[in-house]
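Order of the sequence lines sets the chain letters (A, B, ...), proteins ahead of strands, with each chain counted from 1.
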Amino acid sequence: MERFAEVPDQYDPDTVEERVFDYWDEIDAYERTVEHRADGEDYFFVDGPPYTSGAAHMGTTWNKTLKDAYIRYLRMCGYDVTDRPGYDMHGLPIETKVEEQLDFENKKDIEAFGMENFIEECKSFAEEQLAGLQEDFESFGVWMDWEDPYRTVSPEYMEAAWWGFEQAHERGLVEQGMRSITQCPRCETAIAKNEVEYHQVEDPSIYVKFDLADREGSLVVWTTTPWTVPANTFVAVGGDVTYAKVRVERDGDEEVLYLASDVVEEVVQKGGYDGYTVESELSGEEMVGWGYDHPLADAVPDHPDFDGALQVYTADYVEVDRTGLVHSAPGHGEEDFQRGRELGLDIFCPVDGDGTYGDSAGRYAGSFVRDANEDIRADLDEKGLLLADETYVHDYGQCWRCDTDIVQIVTDQWFITVSDIKDELLENIDDSEWYPAEARDSRFRKFVENSPDWNVSRQRYWGIPIPIWTPEDWDGSMEEALVFGTREELAEAVDQDVDPDALDLHRPTVDDLTVTRDGTTYSRVPDVFDVWLDSSVASWGTLDYPSDGSRFDDLWPADLIMEAHDQTRGWFWSQLGMGTAALGEVPYEQVLMHGYANMPDGRGMSKSKGITVEPGEVIAQHGADPMRLFLLSRNPQGEDMRFSWEETEAMQRRLNILWNVFRFPLPYMRMDGFSPDGVSLADVRDDLETVDEWVLSRLQSVEAEMADHWAEFRQDRALDALLSFVVDDVSRFYVQAVRERMWKEEDDPSKTAAYATLYHVLREVTALLAPYAPLVAEEVYGNLTGEAGHPTVHMCDWPEADAGWRDDRLEEDVRRLREVEEAGAEARQQAERSLRWPVTRVVVVADDERTVDAVDRHRPLLRERLNAETIELVEPGEDWGEVTYSARADMSVLGPAFGGDAADVMNALNEAEVDEQSLGALERAVADATGMTVDLTDEMIEFETNTPPEVSGVEFGGGVVYVDTALTEAIEREGYAREVVRRLQEMRKALDLDIEAEVRVAIAVDDDRVATLVRDREGYIAEEVRVAGFVDDDELDTPHRERFEDVEGVALELAIEPVAAPPASD
RNA sequence: GGGCCAAUAGCUCAGUCAGGUAUGAGCGCUCGGCUGAUAACCGGGAGGUCACCGGUUCAAAUCCGGUUUGGCCCA
């Protein structure tokens, strides 16, 4: 890129993006930046892999933008950062999408289509989605190793999962066991509890009588799942709950019911009884051991009737609600299962994985459980056991992928028994730093404390096959099972001849492999891993460990991961669990936990509901850099963000200001052939003026502040500091202050010093901006440095504050001076005297010594900024002799206080003029005027300051600024000359003249006195406007003339003509 | 149903941990100014029941309890 080349007037994100993307390609900017840091200290960042089932939404975009910013920042700090992106490509969500595409209903369709074909379809679906995501990420400038992402479907990655699982197994943390699980009957697999979504459904609500075996009467239970009654094994009571023996009566028939005392009335009513009597009360404890008859004994001959079944037990899940007696089926409900286990009861589950009853369900065998509800109710009714039959609307779980109502059943599943290492998990938590810290200590810790064993098996196809081979007639002991951790181990062991390097670990390839030992044949268990296990091994999967052992020892564990807060129970947890199970350590050292991307109105985004803001649209509207700036300006620690179009647009405007600041000096530097390489800051140190020193000091302060914020993972605060420096300090103050120096034609050390200063500031700013807005930073940097800099701004070192340029006193001085200046500008405005016109004097009445020092040290600067001939300073405690104070009386207070004298006092007060702002002075003035001695209070009056005519004053934080706008001939001379200059400049501009082009000018002023004043300043006008000659109006035959009727009271006419022929307009 | 987090100007947010006048910030709006950075820039102004209810305190946006709304997680 050519140095100081001409740039467009306006920052246009689109063209900048286009150019920079091409440029990056052309010079291999990413590769060279990575190479540039190859010898740096290792920094192991691990990318949480997005799931490949859709385009990048705003949340993913925020996440990747944060990652990109931190990776760029760390690189600039010198680190050799691991930046391998990852993609999570297995799992049920993809299977169901493919099933939809292929119009499949259930597993049978898949089997008919062929498992291998189906898996191929899943693979190509995931590949397509990966390509789309990757394109999205690149579209907003994310630099990661796109050529070589880790993919959970690659043999190396799958092997990483196998290896981790094998390690866990070797620690004795793998077991098969029965568990009550949430099963999707359509997908025919267990799904994780966090994959269950809850919606309201209407279910049966039945009250059933369980006839007692050894005594009169029946237990009344309530359930919304009649289909679980066949599996009823016991009835649970609360040990401390009071139950009642109730004799009820209907149509002359009597019966005895047992239920909680508190609900007798309610249940009797539901049962439609005519009346009841409570015969006795007893505690739940007293009922323990009572036997009862299974209500569906005839229909389900295989029903539980083993030792200990069909009895009353206590359980802590009992609530006095409905009947206070809980139908318990350890073959279904999770709590029932746990209690059943505790009680040593056998587990009876007559329901298969597809939600239909098996043979053990007797009469109901073959029917779908929810369809069987009707029959069961009818059968219970027929036996007279249905006390009440209603419906009930409640939240019930559905499969997140296909919306099918889940069923709770007990099946054999594979587990990593993390509950065995809970203490270790909790200890390991402390080895990681979280930002924000509270997230770790509240939510995460609580979750880990309550985490159950991890069910890692799924009865599906598209996943990493579980690497367990079991012998025929396996007894369930893990010692008998074979677990393989690598392809090589497997290839060596199996009966078939396989090449480990060519082995695809997916089903069905591995399903056919068998192992024979001592005459026993081992075959693989058919399940695949829960997809959460895939990403849980990312910290070594990223390194292709164990198949490639070259980097693991140096890098592992991860230095940093960053994801949204939903990953607390997701990836943050799964990595802790897997890392601890396999390696005994938490696999990450720092966690940056950010929030969710919400809609501008605060609602969550939802693609299915069409409530989204699409990143692509934002980029099209405002550009990638402005979008990134917006995302990076949000607190990244735990808090959700609301997307804001307005704020994104504001970021675009701020970049435009930066763009203007950057292009402002270019024409001058070009014209003067300024060469930054030959002129360092140190070279011009002696020529620096106060504003230069100030802006350089501010730069150091900003750099120091930004460093602190970045270290605390608050890039948003660092960005604030940077942008307010650019907008407030550089654009609004520094550039304004140096404009005149840059306009100077001749060579001038002060001008060179300003060039060197601004150049330095801009170059550092581009580096500071690079992690945030990598595209525009590149463009600006390239233009500033040309061939002399790095090929890309992203190879720069992160600018560090240089104490040698820092001057806190000066910064504080200027801060105060800017307050004085603002007040002065306001005072001018009140006096209607524009800044173009000098004023004779500005008087600063200071309240404190610090302000005095600031003003005193920088009188010339303040004179220049306020266009004042002199600055007068009145120190604290001194009065400026030229103001007096008067009072405005408040009659509503004076009246009650002074009665009949009030009017006189008021007049005296209003007319008083005193030298100091005190009640005492006013009291004396009143005494002088009226002869009365009065006690005044603050409430009675309001002080007013009286300034001399033509002086106006405005208060500021450190005092009052007075501006004396009285005119003198010298001021008029200067003022009118500047009016003329300004108008001529405007006319030059309208002609589109080159900055250096010379003109001839005619000036006609309708007032002789003013005409003479202007003529006195022709030299100045000539210099400012590049006038080659002043001529009489009639000598100038030009269409470029303009008449101004009222310029500070006079009319004037200006004509202008370029000396050479005007340049062809382009 | 339970846990965690949030609610401050029209908008986006500081301030809340360590209670002490909201000179709150930027953007937007509005009035004025400037004019070789000019679709930029500068100044003035309007704009707040600090979500609601209650408590502690001389004093609460800030601490405590509850409610509402939103987000996430869990059931």
Side-chain angles (χ1 to χ4, degrees), chain A residues 7 9-12 182 193-194 196 198 319 334-335 394-395 397 436 438-439 441-447 450-451 564-570 573 593 595-605 630 633-635 637-651 653-654 656-668 716-717 720 723-724 727-728 730-733 735-736 738-739 742-743 819 821-830 832-836 954-957 978 981-997 1024-1026:
Chain A
V7 299
D9 287 357
Q10 190 81 15
Y11 161 59
D12 176 23
T182 42
K193 282 185 188 159
N194 59 8
V196 177
Y198 291 82
E319 286 172 30
E334 192 175 348
E335 290 175 316
H394 64 149
D395 280 345
E438 314 85 73
D441 295 325
S442 57
R443 210 155 134 172
F444 191 54
R445 188 175 299 276
K446 212 166 278 179
F447 179 70
N450 298 322
S451 56
H565 45 45
D566 58 334
Q567 298 303 333
T568 308
R569 281 149 168 77
W573 151 245
M593 186 196 86
Y596 256 50
N598 291 333
M599 292 299 286
D601 62 8
R603 286 177 304 166
M605 291 198 189
F630 170 74
S633 70
R634 306 293 102 176
N635 182 346
Q637 298 194 13
E639 285 181 37
D640 292 343
M641 68 103 159
R642 294 180 176 206
F643 180 77
S644 164
W645 289 98
E646 294 79 16
E647 290 296 309
T648 305
E649 196 189 339
M651 287 301 175
R653 274 198 302 274
R654 285 189 189 166
N656 192 36
I657 292 175
L658 172 68
W659 188 265
N660 272 304
V661 170
F662 144 68
R663 84 190 173 89
F664 152 73
L666 296 181
Y668 309 107
D716 57 320
R717 289 181 166 162
D720 270 355
L723 291 178
S724 64
V727 174
D728 267 350
V730 182
S731 174
R732 290 182 185 165
F733 194 81
V735 167
Q736 297 302 324
V738 296
R739 277 158 72 166
M742 296 216 176
W743 294 341
E819 283 186 30
E821 183 190 336
E822 265 177 39
E826 196 185 337
R828 270 177 170 279
Q829 197 166 336
Q830 282 178 14
E832 296 185 328
R833 178 58 38 85
S834 79
L835 193 60
R836 269 200 301 281
V954 168
E955 281 185 58
F956 70 104
R978 285 174 76 158
V981 165
R982 195 211 112 198
R983 285 171 175 77
L984 288 172
Q985 296 285 34
E986 220 161 56
M987 292 169 77
R988 282 183 65 108
K989 182 126 198 280
L991 283 169
D992 203 16
L993 290 182
D994 191 79
I995 293 178
E996 286 180 288
E1024 292 292 314
V1025 191
R1026 313 251 154 129

Rounding to a whole Å, what distance do you find between [X]:[atom1] and [N]:[atom2]?
| X | N | atom1 | atom2 | value |
| --- | --- | --- | --- | --- |
| A:His565 | B:rG71 | NE2 | P | 11 Å |
| A:Arg828 | B:rG44 | CZ | P | 15 Å |
| A:Arg603 | B:rA7 | CZ | P | 20 Å |

My understanding is that only residues two or more places apart in sequence, or in another chain, count here; which of them pass salt bridge (Lys or Arg N to Asp or Glu O under 4.0 Å) with [X]?
| X | value |
| --- | --- |
| A:Glu986 | A:Arg982 |
| A:Asp566 | none |
| A:Arg1026 | A:Glu745 |

If the [atom1] atom of [N] is compared with that of [M], how far apart are they to the nearest Å?
| N | M | atom1 | answer |
| --- | --- | --- | --- |
| B:rC52 | B:rU68 | C1' | 7 Å |
| B:rG28 | B:rA22 | P | 27 Å |
| B:rG24 | B:rC63 | C1' | 22 Å |
| B:rG2 | B:rU23 | C1' | 45 Å |
| B:rC29 | B:rG19 | C1' | 35 Å |
| B:rG10 | B:rC50 | P | 12 Å |
| B:rU62 | B:rG45 | C1' | 30 Å |

Item to check | 5' priority, RNA chain B, between A:Glu986 and A:Glu438 [closest heavy atom] | outcome: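 Upstream on the strand: A:Glu438.
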
Could you please name the option among [options] that lies closest to any side-chain atom of [X]?
| X | options | result |
| --- | --- | --- |
| A:Arg443 | B:rA37, B:rG71, B:rU12 | B:rG71 |
| A:Tyr668 | B:rG43, B:rG71, B:rA37 | B:rA37 |
| A:Asn660 | B:rA40, B:rC4, B:rU12 | B:rA40 |
| A:Glu639 | B:rC11, B:rA37, B:rA14 | B:rA14 |

Partner nucleotide, any strand, of [N] [Watson-Crick/G-U, under 3.5 Å]:
| N | answer |
| --- | --- |
| B:rA39 | none |
| B:rC17 | none |
| B:rG26 | B:rC11 |
| B:rU57 | none |

Checklist entry - On a plain distance test, is the side chain of A:Glu647 in donor-acceptor contact with the base of B:rG26 below 3.5 Å? => result yes

Checklist entry - When only distance counts, do a donor and an acceptor, one from the side chain of A:Ser724 and one from the base of B:rA25, lie under 3.5 Å apart? => result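 Side chain to base: no pair present.
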
Checklist entry - Counting any heavy atom closer than 4.0 Å, what does A:Arg717 reach on the DNA or RNA strands: base, sugar-phosphate only, or nothing? => result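 Sugar-phosphate, backbone atoms only, no base.
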
Distances under 3.5 Å between protein N/O atoms and the N/O atoms of nucleotides 28-30 of chain B, please, pair by pair.
{"residue": "B:rG28", "atom": "OP1", "partner": "A:Arg653", "partner atom": "NH2", "Å": "3.4"}

Next on the checklist: Which residues pass the side chain to side chain donor-acceptor pair (under 3.5 Å) test with A:Glu335, not counting sequence neighbours?
Outcome noted: none

Item to check | Residues forming a ring-ring contact (aromatic ring centres under 6.0 Å, His included) with A:Phe662, sequence neighbours excluded | outcome: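 In terms of ring-ring contact (aromatic ring centres under 6.0 Å, His included), with neighbours along the sequence ignored, A:Phe662 is linked to A:Trp659.
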
Next on the checklist: Does A:Met593 form a side chain to side chain contact (heavy atoms under 4.5 Å, CB included) with A:Arg443? I'd like the steps, not just the answer.
Outcome noted: CA-CA 12 Å; A:Met593 186 196 86; A:Arg443 210 155 134 172; 6.0 Å; no

